[in-house]
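This report refers to the structure that appears directly beneath it.
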There are 2 protein chains.
Amino acid sequence: MKNEKIDAVVCEEKSATRFSACLLFSANALARAITAIGDEEFGRFGLCYSHAYMLCEVVAQPGITPSELSETLYLTPSTITRLVEKLEQKHYVRRESEGKRTLIYATAEGEAIQPEIAQAWERVGTRYSDAIGKNDVCQLTQQVFKAAKSLGKES
Amino acid sequence: MKNEKIDAVVCEEKSATRFSACLLFSANALARAITAIGDEEFGRFGLCYSHAYMLCEVVAQPGITPSELSETLYLTPSTITRLVEKLEQKHYVRRESEGKRTLIYATAEGEAIQPEIAQAWERVGTRYSDAIGKNDVCQLTQQVFKAAKSLGKES
DNA sequence: TACCGATAGTTGTATGTGCAAACAAAAATA
DNA sequence: TATTTTTGTTTGCACATACAACTATCGGTA
């Protein structure tokens, strides 16, 4: 019984499943695993990884708009709005309305925690490099990003 | 101004960003993009991709327990409980208590939609293969899964 | 037999994310 | 100039997921 049939075809090692051959499955599993690390590190100062990334971008590009952030971060505009709200609550950014656009600026406080973010970022990198292997990481990242970009256009 | 300094180092093509070199970022971007496709296809009959996967597993392994599903699907037990609840609402599975364990079985209805799930699964595969390239997909999937597994052990 | 730690599962709560709809402002067209 | 369309942003709602705390059961030990 059980799943002999499918497993016989798909599996080679014991931990593989009928799902491991599916990119939809694997990509989500990877994202969850690595996000756990990211949120653990960035969480030390009360941010999740996407907040940290967004804040970096705002610091680098003062007056950036939500739609620009949306493109850079590969997130929908509504998600950007929510993230900005959170960062605003924490006084890391402020918003300025300019016509139909919204300009986002980092506060002094937001700029001040940049070093901490950079450190956390590095720790995250170290941790997943250690787990996955430094050489593989670089290639994997490139391929993953390329795939994400291709799929972004698909729909 | 802007971000010349960093971009000069990191970017080669215009769409790359300081983030694209980060696996945490890229993996999440990929997961979101591919999940959008998955949910679109599986959503045609009211499921999201994780429901569909779980149902497959339950059909293949009648009487499977939440903790087994948790390992197979790389999801936390609490998430499994929530997914099972959803599938139960839709009358695709039923639960049986056996001591401290819970056994999950597919209903006739649940087994009946298996063909539809298989079709949707195939459509998803076709769509991302078309976007990414058939050859790349296979290798990418393996690497992504391997990385996810390594990271799963890390924490 | 009676207790205690370990294990399995569920629930409360919180959060990131997205879709669809609403809204506001700009641009295009008549 | 007036009207329509398009664009940018925000909100209402829904959902997958996780953590922490809680409950229930099992297994071992005194």
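Just so it is clear, the structure is predicted and the values come from calculations on it, not from any experiment. Numbered from 1 within each chain, the chains take letters A, B, ... in sequence-line order.
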When you measure from the side chain of [X], which nucleotide among [options] comes out closest?
{"X": "A/His51", "options": "C/dT17, C/dG16, C/dA8", "answer": "C/dG16"}
{"X": "B/Lys100", "options": "C/dT7, D/dT11, D/dA18", "answer": "C/dT7"}
{"X": "B/Thr102", "options": "C/dT10, C/dA8, D/dT9", "answer": "C/dT10"}
{"X": "B/Pro66", "options": "D/dT11, C/dT10, C/dT17", "answer": "C/dT10"}
{"X": "A/Pro77", "options": "C/dA20, D/dT9, C/dG9", "answer": "D/dT9"}
{"X": "B/Ser78", "options": "D/dG8, C/dG9, D/dA20", "answer": "D/dA20"}
{"X": "B/Arg32", "options": "C/dT17, D/dT10, C/dT10", "answer": "C/dT17"}

Taking any heavy-atom pair under 4.0 Å as a contact, classify [X]: base, sugar-phosphate, or nothing.
{"X": "B/Ser97", "value": "nothing"}
{"X": "A/Ile80", "value": "nothing"}
{"X": "B/Thr81", "value": "base"}

Notebook entry, point to check: Do A/Gln89 and A/Glu85 have side-chain N/O donor and acceptor atoms under 3.5 Å apart?
Noted result: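 A/Gln89 vs A/Glu85: no donor-acceptor pair found between side chains.
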
Margin query: Which is more 5' along DNA chain D, the nucleotide nearest A/Thr65 or the one nearest B/Ser50? Just name the residue.
Written below: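 Going by which nucleotide is closer to the 5' end, it is A/Thr65.
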
Next item on the list: Evaluate whether atom CD of A/Glu109 has more than 12 neighbouring non-hydrogen atoms of other residues, nucleotides or ligands under 6.0 angstrom away.
Entry: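 Yes - once you tally the heavy atoms of other residues, nucleotides and ligands closer than 6.0 Å, there are more than 12.
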
Next item on the list: Nearest 0.5 Å please: distance from the CD atom of A/Gln139 over to the CD atom of B/Gln139.
Entry: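 Atom-to-atom, A/Gln139:CD and B/Gln139:CD are 6.0 Å apart.
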
Next item on the list: Rounded to the nearest 0.5 Å, what's the gap from SG on A/Cys22 to CH2 on B/Trp121? Could you check?
Entry: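 Nearest 0.5 Å value for the SG-CH2 distance: 5.5 Å.
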
Length of the line joining [X]:[atom1] and [N]:[atom2], which is rounded to integer Å:
{"X": "A/Arg101", "N": "C/dA27", "atom1": "CZ", "atom2": "C1'", "value": "14 Å"}
{"X": "A/Lys86", "N": "D/dT10", "atom1": "NZ", "atom2": "C1'", "value": "16 Å"}
{"X": "A/Leu103", "N": "D/dT9", "atom1": "CG", "atom2": "P", "value": "8 Å"}
{"X": "B/Glu40", "N": "C/dA20", "atom1": "CD", "atom2": "P", "value": "10 Å"}
{"X": "A/Leu69", "N": "D/dT10", "atom1": "CG", "atom2": "C1'", "value": "15 Å"}
{"X": "A/Arg95", "N": "D/dT11", "atom1": "CZ", "atom2": "C1'", "value": "12 Å"}
{"X": "A/Arg82", "N": "C/dC19", "atom1": "CZ", "atom2": "P", "value": "13 Å"}
{"X": "B/Leu83", "N": "D/dC15", "atom1": "CG", "atom2": "P", "value": "13 Å"}

Next item on the list: Start with the C-alpha distance between B/Leu87 and B/Val58, add both sets of side-chain angles, then the distance that settles side chain to side chain contact (heavy atoms under 4.5 Å, CB included), and finish with yes or no.
Entry: CA-CA 11 Å; B/Leu87 285 182; B/Val58 173; 5.6 Å; no

Next item on the list: Indicate, with yes or no, if A/Val137 and B/Leu24 share a hydrophobic cluster defined by side-chain heavy-atom contacts under 4.5 Å among Ile, Leu, Val, Met, Phe, Trp and Tyr.
Entry: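 Per the 4.5 Å side-chain linkage, B/Leu24 and A/Val137 are co-clustered.
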
OP1 or OP2 of [N] under 4.0 Å from side-chain N/O of [X]:
{"X": "A/Tyr49", "N": "C/dT17", "answer": "yes"}
{"X": "A/Thr79", "N": "C/dT17", "answer": "no"}
{"X": "A/Tyr74", "N": "C/dG16", "answer": "no"}

